[in-house]
Student: 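One structure, pasted below without further comment.
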Amino acid sequence: MISLVLVLEALALLGAAAWFVYGLMTQTPTSLGGAVFQLVLMVLLAGWLLAVGHFFFRGYRWTKAAALVWQLFVLVIAFPTLTGGLVLPGLLLLLPAAAVVLLIFTRPVTAYVTKGSAPGAL
């Protein structure tokens, strides 16, 4: 389930990047360099998240830390979104991130990623 949430978050980030491109095509950005940097960063983060989701599914130990750090970033964005009055987007950020944070410390998940970290595994 955790890898599925990570992949869905990556796809949502790619969707946000596409929406960002649409905004760049229809409006003039204040800083073109800053807008391009933000777009590249969004695409790179989505690619990284897809990789983390894939390798988490395969049971690599390092993905547990990467997934946890990403979910903490999402939680940092979710709480101000909720308190800012955007309830639906805030919940869409908060609920999957909270589920992953809770599930990532369970015994089955720890056993799964430990099993996949045999000597010689990258």
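Position 1 is the first residue of the sequence, and the numbers go up from there.
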Student: Under 3.5 Å, which donor-acceptor pairs do the side chains of residues 79-87 form with other protein atoms, sequence neighbours left out?
Tutor:
residue, atom, partner, partner atom, Å
Thr81, OG1, Ile77, O, 2.6
Thr83, OG1, Phe79, O, 3.1
Thr83, OG1, Pro80, O, 3.2

Student: Going hydrophobic residue to hydrophobic residue with side-chain gaps under 4.5 angstrom, can you get from Leu8 over to Leu91?
Tutor: no

Student: What pairs of donor and acceptor atoms, side-chain ones from residues 30-57 against any protein atom, are under 3.5 angstrom apart with sequence neighbours left out?
Tutor:
residue, atom, partner, partner atom, Å
Ser31, OG, Gly34, N, 3.1

Student: Run the side-chain donor-acceptor check on residues 97-106: report pairs under 3.5 Å with partners two or more places apart or on a different chain.
Tutor:
residue, atom, partner, partner atom, Å
Thr106, OG1, Leu103, O, 2.7

Student: Group every Ile, Leu, Val, Met, Phe, Trp and Tyr by side-chain heavy-atom contacts under 4.5 Å, then state whether Val7 and Trp62 land in the same group.
Tutor: no

Student: Please report, to 0.1 Å, the donor-acceptor pairs under 3.5 Å made by any side chain of residues 63-70, with sequence neighbours excluded.
Tutor:
residue, atom, partner, partner atom, Å
Thr63, OG1, Tyr60, O, 2.5
Lys64, NZ, Thr110, OG1, 3.0
Trp70, NE1, Glu9, OE1, 3.3

Student: Should side-chain heavy atoms under 4.5 Å link Ile, Leu, Val, Met, Phe, Trp and Tyr, which residues sit in the same cluster as Leu88?
Tutor: Leu92

Student: Under 3.5 Å, which donor-acceptor pairs link side chains of residues 10-24 to any protein atom two or more places apart or in another chain?
Tutor:
none

